[in-house]
Amino acid sequence: MLSSLPKMEAGQACGLERRTMDISGALSALTNTVTLVKAIKDLDHSLGKSELKAKMADLYSDLAEVKMAMVDAGNEIKRLEAEKAELLKRFSAKDELILHKGYHYRADPNDKSKPIGHAVCPLCLSEEGIQMTLRDVGYKPTCPRCNTTYEDAFVFGYP
């Protein structure tokens, strides 16, 4: 009954293949199991023990698959929460910034008084405290997080 439960392969996350569980598939399997339990409860008592044993075997098998699916889903949720926390930690890291013509830039590691690279997104910095570096999109510095474009932001060379 649950052998048709779909599994999806996620793309590479942090360099590792990740297997994820289809939650709606697990809930559907659980619904089917409950339906089977109701059918067993409503069985005609005149049926033989062999039919009852077969239905019970199906029930145990389905319950085991549902349990494994829920454990997989729980593990995936924990992994995603840890990955989210790591990403938030990485994006909220505070580098030393230098203000130049209205934009904040990271400081050159060799000379802390000089800016280097692309500017930090002013919107993400002011609203979220996140130092998101702008990227060139069609020669226009654009924030990869909020998609705001800053045409007058300068790019400083790297040492």
Side-chain angles (χ1 to χ4, degrees), residues 1-38 58-159:
M1 185 178 259
L2 289 179
S3 59
S4 64
L5 188 64
K7 302 269 191 219
M8 301 183 322
E9 291 297 322
Q12 294 224 0
C14 301
L16 299 174
E17 283 289 321
R18 303 261 188 230
R19 184 175 69 105
T20 61
M21 172 63 210
D22 181 2
I23 301 288
S24 62
L27 291 175
S28 174
L30 188 57
T31 301
N32 291 340
T33 302
V34 169
T35 303
L36 182 58
V37 168
K38 286 179 184 177
D58 287 345
L59 175 63
Y60 291 135
S61 174
D62 288 352
L63 286 173
E65 287 188 40
V66 168
K67 181 180 178 181
M68 289 184 337
M70 290 294 130
V71 167
D72 285 348
N75 289 338
E76 183 66 10
I77 288 168
K78 287 178 187 175
R79 183 195 66 77
L80 290 171
E81 286 174 348
E83 187 174 331
K84 177 184 172 185
E86 176 61 31
L87 288 171
L88 287 174
K89 178 181 169 187
R90 196 177 323 156
F91 285 131
S92 63
K94 304 293 183 217
D95 289 335
E96 188 174 332
L97 299 177
I98 296 172
L99 187 62
H100 177 76
K101 294 187 178 182
Y103 290 98
H104 288 91
Y105 294 85
R106 288 185 169 74
D108 184 332
N110 299 323
D111 184 352
K112 298 287 184 189
S113 66
K114 293 183 181 178
I116 190 166
H118 285 81
V120 171
C121 176
L123 185 62
C124 291
L125 184 62
S126 66
E127 290 187 4
E128 304 288 331
I130 296 174
Q131 296 179 1
M132 184 60 65
T133 303
L134 301 177
R135 304 280 186 256
D136 284 330
V137 177
Y139 300 104
K140 294 179 181 178
T142 303
C143 177
R145 184 173 175 273
C146 70
N147 291 319
T148 305
T149 299
Y150 300 95
E151 295 187 21
D152 58 340
F154 188 75
V155 179
F156 289 92
Y158 291 92

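Note that this is a predicted model, so its numbers are computed, not measured. For this chain, numbers begin at 1 and follow the sequence in order.
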Atom of Thr149, atom of Lys140 and distance for their closest heavy-atom approach: CG2-CB, 3.7 Å
For Gly102 against Leu99, the heavy-atom pair lying closest together: C-CD1, 3.8 Å
From Tyr150 atom OH to Cys121 atom SG, the distance as rounded to the nearest 0.5 Å: 3.5 Å
Heavy-atom side-chain proximity of Glu76 to Arg79 below 4.5 angstrom: yes
Close side-chain approach of Asp108 to Pro115, heavy-atom, < 4.5 Å: no
Nearest atoms (heavy-atom pairs only) where Leu134 meets Val120: CG-C, 4.4 Å
Beyond-backbone contact of Gln131 with Arg106, side-chain heavy atoms, under 4.5 angstrom: yes
Heavy-atom pair of closest approach, residues Asp111 and Ser113: OD1-OG, 2.7 Å
NZ (Lys78) with more than 12 external heavy atoms under 6.0 Å: no
Over all atoms of both residues, closest heavy-atom pair of Ile116 and Pro109: CD1-CD, 4.4 Å
Inter-residue atom distance Leu125.CG - Met132.CE, 0.5 Å rounding: 11.0 Å
Gap between atom CZ of Arg145 and atom CG of Asn147 - 0.5 Å precision: 10.5 Å
Rounded distance (nearest 0.5 Å) linking atom CD of Glu151 with atom OG1 of Thr142: 8.5 Å
Gap separating the CG atom of Asp72 from the CD1 atom of Ile77, nearest 0.5 angstrom: 11.0 Å
Distance-minimising heavy-atom pair for Tyr105 and Ala153: OH-C, 4.0 Å
Phe156 CZ to His118 NE2 distance, which is reported to the nearest 0.5 Å: 11.5 Å
